[in-house]
Number of protein chains: 2
Amino acid sequence: MTQLRSDAMKSNRPPTLVDVARVAGVSRATASRVINGVESVDEKMRSKVQAAVQSTGYIPNTVARSLVTRKAGAIALIISGSDGSAEQVLGDPFFGRVTSGVVRSLLPRKVHPTLVLADSDAARADAVSYVRQGKADGALLVSTHSDDTLPGLFVDAGIPAVLFARPGQDVPISYVDLAHELGASLAADRLVSRGCRRVVTIAGPSDVPAAQGRLNGFRQAMARHGQAYVPVAKGNFTRESGELAMTELLAAHPDLDGVFAANDLMAAGALQVLHDHHRAVPTDVAVVGFDDSEPAHFTRPQLTTVAQPVEEMAAEMARILLTHMEDPTLRPTSVIFDPHLVPRESA
Amino acid sequence: MTQLRSDAMKSNRPPTLVDVARVAGVSRATASRVINGVESVDEKMRSKVQAAVQSTGYIPNTVARSLVTRKAGAIALIISGSDGSAEQVLGDPFFGRVTSGVVRSLLPRKVHPTLVLADSDAARADAVSYVRQGKADGALLVSTHSDDTLPGLFVDAGIPAVLFARPGQDVPISYVDLAHELGASLAADRLVSRGCRRVVTIAGPSDVPAAQGRLNGFRQAMARHGQAYVPVAKGNFTRESGELAMTELLAAHPDLDGVFAANDLMAAGALQVLHDHHRAVPTDVAVVGFDDSEPAHFTRPQLTTVAQPVEEMAAEMARILLTHMEDPTLRPTSVIFDPHLVPRESA
DNA sequence: CTGAAAGCGCTAACAA
DNA sequence: TTGTTAGCGCTTTCAG
């Protein structure tokens with residue numbers, strides 16, 4: 001290497017703190033203080049340093065900073081799920097909304113989320129070690145299935161983490177979630193107020209807490225309305241499973257006049273089957289979905305559904321993580337959001 | 001999985017290379033060599049070090065490593081667009097597919113993309129400085145509008161970057177893209193082979209290169225088929241604009257029998273309007289969309305459309321970036337992918 | 001093939 | 001308030 005003693009032009013290497021200090025005629029420490037906004041610096045030196053920063057085009061090397069502060073100034077956004085499911089999750093607009101909320105909430109702090117997939121045991125181990133390596137100070141966890149081991153791994157490792165949705169297992173960890181029961185009761189109220197008397201429901205997988213909550217909430221609300229028994233068919237949140245479930249329910253209960261599906265995709269499938277069976281929606285049968293996702297806009301008739309404030313939930317999740325990163329002694333918290341009904345055509 | 005910490009009484013701090021070296025009875029240098037897979041290490045020392053890594057539970061501190069190697073081992077996935085548009089982009093499943101492809105392609109190398117939004121001038125500056133700080137070795141750029149300044153900024157800064165879609169401005173930068181003209185000609189062929197003789201098209205914004213390509217390609221293909229003139233209405237890729245455009249075209253050309261829309265959303269809008277005007281699809285009017293996005297599945301009739309291999313394109317984009325990061329002297333390359341027709345019901 | 005030593009760029013005691 | 005002095009944990013010449 002050539003010697004870069006002369007400060008006339010050292011264009012090759014990006015300027016470092018020593019360059020700034022030398023140009024400003026102060027010590028590295030003082031330069032550092034100014035750059036980090038430490039109050040107790042003389043105003044004259046401060047402006048000299050700031051000028052030097054300008055003239056040198058100095059950009060702090062966050063890697064070096066991280067090494068000593070032991071803070072990465074970064075967080076991981078982890079998508080967890082069963083083997084190979086991450087692709088599916090990413091393709092779901094729902095995840096995009098989560099990301100959007102997270103990013104928006106992080107923006108003012110200038111921290112950016114790093115996407116880590118954890119849809120296999122190897123990937124899960126990788127995710128944990130990713131954080132352990134010091135590449136992130138905390139983790140945001142979006143997982144699909146309830147027997148996910150990741151929350152436990154993070155708790156054990158003492159890494160700040162917040163979940164989107166209540167953990168399936170009993171783990172002391174912070175999370176945001178939706179009042180699924182309340183959402184389901186909104187759907188029930190709607191159906192009943194339309195005059196539906198023989199209502200059925202298409203539930204999600206019973207190992208998914210959200211699906212559980214929606215089913216329970218719906219049953220309880222219908223019971224309050226006087227319908228003690230609600231026939232259930234189980235789906236797995238796909239459109240096809242919704243079609244299957246609807247077909248089944250129609251066969252067993254030909255006189256049904258209302259359907260609550262635990263998500264929009266299944267509701268869309270139900271709509272299709274009802275159409276094929278020449279049941280007019282909403283006059284013969286009313287249908288309510290859940291999530292207010294894309295498909296809800298594209299069904300005919302358009303789907304009445306229960307919406308969750310995904311972006312706000314995600315933003316809150318990020319906010320919680322930030323506070324827990326600042327003060328790791330904080331106890332786990334949870335914030336539950338209220339859903340609301342989006343009345344469209346199907347009910 | 002339950003790995004107890006070794007008896008050696010080092011504090012609660014995670015083990016470092018010196019710990020490994022001490023346990024293995026070698027120097028830090030040798031330990032480092034083994035950990036980094038340097039060949040020229042005696043087999044005996046190698047295994048001693050490996051054993052020490054096991055027993056200490058050592059995890060390399062990538063931050064320290066980065067400081068000396070000057071490589072972050074990370075890349076940024078930058079979403080650029082007009083002010084505030086990033087939210088929209090993230091909500092689009094299309095972006096999820098891009099992410100999915102990127103992540104999948106990066107997985108074997110254990111690098112994870114960091115999401116950076118650049119939907120304002122401030123955010124764009126932030127994005128550049130993010131990379132300059134050394135937090136990422138390169139950037140993947142997904143931008144919506146063609147007059148994006150970000151590609152230029154990266155080129156000027158000498159930062160390896162690859163775009164999804166050809167740059168709107170003339171910038172020497174690598175990119176992946178779709179053969180939009182070819183895709184449009186696929187649509188034209190389909191329409192013509194169905195017997196359509198009076199074909200119209202709903203184009204996208206003329207400042208978007210992809211929209212340009214689709215329009216040009218469609219015109220040329222129709223010309224080859226003998227229809228010299230193709231009436232055009234311009235939309236902005238939204239469903240509403242598709243409805244507007246279709247209404248307009250229907251008024252001006254009541255006898256039209258085929259429509260090519262530059263994306264699915266506009267095609268869905270067109271379908272709606274045709275339905276309202278009691279034109280049967282595909283018997284009276286055939287409709288072809290573009291993108292094979294979610295909505296294409298939910299229209300009735302289901303939309304015949306042109307699909308692009310988004311995940312593969314994204315994966316290739318990541319691959320290109322990786323090679324350019326390894327060898328920064330490489331010239332910009334581009335890879336153009338072929339679309340294919342997805343025949344469904346509407347044409 | 002191995003080890004000693006010199007930093008990478010920065011912050012944080014501790015003095016002055 | 002400022003400067004001096006140590007490192008953070010790791011890689012990498014350079015001798016041996």
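Computation of the quantities below employed the complete heavy-atom set of this structure, encompassing side-chain atoms and omitting hydrogens, waters and symmetry-equivalent molecules. Chain identifiers are assigned alphabetically (A, B, ...) following the order of the sequence lines, protein sequences preceding nucleic acid strands; residue numbering begins at 1 within each chain.
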Could you list all N or O pairs between the protein and nucleotides 5-9 of chain C that sit under 3.5 Å apart?
residue, atom, partner, partner atom, Å
C:dA6, N6, B:Arg28, NH2, 3.2
C:dC8, O3', B:Arg70, NH2, 2.7
C:dG9, OP1, B:Arg70, NH2, 2.1
C:dG9, N2, A:Ala64, O, 3.4

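Within a 6.0 Å radius of CG in B:Asp170, no more than 12 heavy atoms belonging to other residues, nucleotides or ligands are found. The environment of CZ in B:Arg166 is sparse: at most 12 heavy-atom neighbours from other residues, nucleotides or ligands sit within 6.0 Å.
Here the CG-CG distance, from B:Asp126 to A:Leu107, works out to 7.5 Å after rounding to the nearest 0.5 Å.
When distances are taken from the side chain of A:Arg33 to each of C:dG3, D:dT1, D:dG3, the shortest belongs to D:dG3. Considering only side-chain atoms of A:Ser27, the nucleotide from C:dT2, D:dT1, D:dT4 that sits closest is D:dT4.
The residues B:Asp42 and B:Lys48 are annotated as not salt-bridged, no charged nitrogen and carboxylate oxygen being separated by less than 4.0 angstrom. Salt-bridge check for A:Arg319 with A:Glu326: failed, with every basic side-chain N at 4.0 Å or more from each acidic carboxylate O. The existence of a salt bridge linking B:Arg28 and B:Asp19 is excluded, since no basic side-chain nitrogen approaches an acidic carboxylate oxygen closer than 4.0 Å.
Look at B:Ser32 and you'll find a side-chain N or O under 4.0 angstrom from OP1 or OP2 of D:dT11. At C:dT2, none of the side-chain N or O atoms of B:Thr30 fall inside 4.0 Å of OP1 or OP2 (strictly under the cut-off). A close approach under 4.0 Å does not occur between any side-chain nitrogen or oxygen of B:Thr69 and OP1 or OP2 of D:dT11.
The CG atom of B:Asn36 sits 17 Å away from the C1' atom of C:dC1 (whole-angstrom rounding). The separation between A:Glu43 atom CD and D:dT1 atom P is 12 Å, rounded to whole Å.
Across every non-hydrogen atom of B:Gln169 and B:Asp147, the tightest pair is NE2-CA, 3.8 Å. Contact record, A:Ala314 with A:Phe164: N-CE1, 3.9 Å, taken as the closest heavy-atom pair.
A heavy atom lying under 4.0 Å from DNA chain C marks none of the residues of residues 125-134 of chain B.
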